[in-house]
Asks: 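Sharing a structure with you now.
Worth knowing before you read on, the calculation uses all heavy atoms, side chains too, and leaves out hydrogens, waters and symmetry mates. Small disclaimer: the values here were computed from a predicted structure and weren't measured.
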Amino acid sequence: MDTQTQSRIESLIQSSPIFVFMKGTKLMPQCGFSNNVVQILNALGVSFESFDVLSDPQIRQGIKEFSDWPTIPQVYVKGEFMGGSDILIEMYNDNTLKEKLEIALAS
């Protein structure tokens, strides 16, 4: 990945305490996995920002290299990579996600 793409990704991640790289937008997710993440974050009542990777092939590929994670969506909390849809579903179901987000957003 070139340095410009890496800088753009880092800026996006830092732009919000909770940031999601996804297919589509938070108002119109374009895949079921992205929709799962949006629904979970909405159910927890947390605000978040997102980037539609379908709008930019460099970011779409670059984020996979940046996180060393092969799939989209990708969720970042306070700059830390949390995971994708499956991990968020698991954390939501065992109530660890709500606690982690509350702690991160309080600091």
Side-chain angles (χ1 to χ4, degrees):
M1 156 180 30
D2 62 51
T3 55
Q4 181 180 4
T5 301
Q6 182 168 342
S7 292
R8 285 182 61 209
I9 289 170
E10 289 169 351
S11 292
L12 287 166
I13 291 169
Q14 296 305 320
S15 71
S16 178
I18 301 173
F19 197 89
V20 181
F21 291 90
M22 60 184 287
K23 293 179 182 174
T25 66
K26 56 186 177 179
L27 296 177
M28 184 77 68
Q30 296 294 309
C31 82
F33 299 111
S34 292
N35 186 53
N36 289 342
V37 167
V38 169
Q39 295 304 316
I40 287 170
L41 294 174
N42 285 341
L44 293 174
V46 295
S47 66
F48 66 97
E49 294 301 323
S50 65
F51 183 86
D52 178 7
V53 298
L54 298 176
S55 71
D56 189 323
Q58 287 183 310
I59 297 292
R60 182 178 186 172
Q61 183 56 40
I63 193 60
K64 295 174 186 179
E65 295 172 30
F66 183 86
S67 64
D68 198 24
W69 190 262
T71 59
I72 306 283
Q74 294 186 15
V75 179
Y76 289 79
V77 176
K78 291 282 189 144
E80 177 188 347
F81 177 60
M82 295 281 296
S85 178
D86 291 348
I87 291 173
L88 253 65
I89 290 169
E90 183 179 311
M91 291 178 72
Y92 178 77
N93 287 336
D94 68 14
N95 292 316
T96 57
L97 181 61
K98 182 178 181 181
E99 180 181 329
K100 177 127 179 134
L101 291 177
E102 286 173 350
I103 291 168
L105 295 174
S107 60

Asks: Using a 3.5 Å cut-off and no angle test, enumerate the donor-acceptor pairs between side-chain atoms of residues 45-52 and protein atoms at least two apart in sequence or in another chain.
Replies:
from, atom 1, to, atom 2, distance (Å)
Asp52, OD1, Gly24, N, 2.9
Asp52, OD1, Leu54, N, 2.9

Asks: Please determine whether the number of non-hydrogen atoms from other residues, nucleotides or ligands lying under 6.0 Å from atom NZ of Lys98 exceeds 12.
Replies: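 No, not enclosed.
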Asks: How about Val38 and Val20: do any of their side-chain heavy atoms sit closer than 4.5 Å?
Replies: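 The answer is no; the side chains never approach within 4.5 Å.
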Asks: With heavy-atom distances below 4.5 Å as the criterion, would you say the side chains of Ile18 and Leu105 are in contact?
Replies: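 Yes. Closest side-chain heavy atoms under 4.5 Å.
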Asks: Check whether any side-chain heavy atom of Ile63 sits under 4.5 Å from a side-chain heavy atom of Trp69, and report yes or no.
Replies: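 No, every pair of side-chain atoms sits at 4.5 Å or beyond.
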Asks: Can you list the residues that meet the ring-ring contact (aromatic ring centres under 6.0 Å, His included) rule with Phe66, with sequence neighbours excluded?
Replies: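 So Phe66 forms no ring-ring contact (aromatic ring centres under 6.0 Å, His included) with any residue.
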Asks: Considering residues at least two apart in sequence or located in another chain, which fulfil the side chain to side chain contact (heavy atoms under 4.5 Å, CB included) criterion with Asp68?
Replies: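 Partners of Asp68 by the side chain to side chain contact (heavy atoms under 4.5 Å, CB included) criterion come out as none, since no residue qualifies.
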Asks: Just how far is it from atom CG of Asn42 to atom CG of Asn35, taken to the nearest 0.5 Å?
Replies: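 Between Asn42 CG and Asn35 CG, I get 9.5 Å after rounding to 0.5 Å.
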Asks: How about Glu10: does its CD atom have over 12 heavy atoms from other parts shown lying under 6.0 Å from it?
Replies: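 Buried by this count: over 12 neighbours within 6.0 Å.
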Asks: Quick one: do Asp2 and Gln58 satisfy side-chain contact (heavy atoms from CB on, under 4.5 Å)? Show the steps, please.
Replies: CA-CA 9 Å; Asp2 62 51; Gln58 287 183 310; 3.8 Å; yes
Asks: Could you check whether any side-chain N or O of Gln74 sits under 3.5 Å from a backbone N or O of Ser67, counting only pairs where one atom can act as donor and the other as acceptor?
Replies: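 Absent.
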Asks: Measure the shortest side-chain to side-chain distance between Val77 and Leu101 over non-hydrogen atoms and say whether it is less than 4.5 angstrom.
Replies: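 Side chain of Val77 against side chain of Leu101, heavy atoms only: contact under 4.5 Å found.
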Asks: State the CG-CG distance between Leu97 and Leu41, to the nearest 0.5 angstrom.
Replies: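 If we round to the nearest 0.5 Å, Leu97:CG and Leu41:CG are 7.0 Å apart.
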Asks: Inspect the surroundings of CD in Gln30 and state if more than 12 heavy atoms from other residues, nucleotides or ligands are less than 6.0 Å away.
Replies: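 Enclosed.
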Asks: Rounded to the nearest 0.5 Å, how far does CZ of Phe33 lie from CD1 of Ile89?
Replies: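 The distance works out to 8.0 Å.
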Asks: side-chain contact (heavy atoms from CB on, under 4.5 Å) between Met82 and Met91: does it pass, once the steps are laid out?
Replies: CA-CA 10 Å; Met82 295 281 296; Met91 291 178 72; 3.5 Å; yes
Asks: How about NZ on Lys100, more than 12 heavy atoms from neighbouring residues, nucleotides or ligands closer than 6.0 Å, or not?
Replies: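 No, the 6.0 Å shell around NZ holds no more than 12 heavy atoms from other groups.
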Asks: What is the ring orientation for Tyr76 with Phe81, classed by angle as parallel under 30°, tilted 30 to 60°, or perpendicular over 60°?
Replies: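 Ring orientation, 0 to 90° scale: tilted.
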Asks: Side chains of Ile59 and Arg8: closer than 4.5 Å at any heavy-atom pair?
Replies: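 Ile59 vs Arg8: side chains touch.
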Asks: Does any part of the side chain of Val37, heavy atoms only, come nearer than 4.5 Å to the side chain of Met22, both counted from C-beta?
Replies: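 When only atoms from C-beta onward are counted, Val37 and Met22 do not touch, as no gap falls below 4.5 Å.
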Asks: Distance from Thr71 atom OG1 to Ile87 atom CD1, nearest 0.5 Å?
Replies: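 Those atoms lie 8.0 Å apart.
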Asks: If you compare all heavy atoms of Ile13 against all heavy atoms of Phe21, which two are closest, and at what distance to 0.1 Å?
Replies: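 So the two residues come closest at CG1-CE1, 3.6 Å.
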Asks: Can you find a pair of side-chain heavy atoms, one from Ile9 and one from Met1, that are under 4.5 Å apart?
Replies: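 A side-chain contact under 4.5 Å exists here.
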Asks: Closest approach of Asn36 and Ser85, non-hydrogen atoms and distance?
Replies: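 Looks like ND2-OG, 3.4 Å.
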Asks: Donor-acceptor check, side chain of Ser34 to backbone of Lys23, threshold 3.5 angstrom: yes or no?
Replies: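 Checked: pair present.
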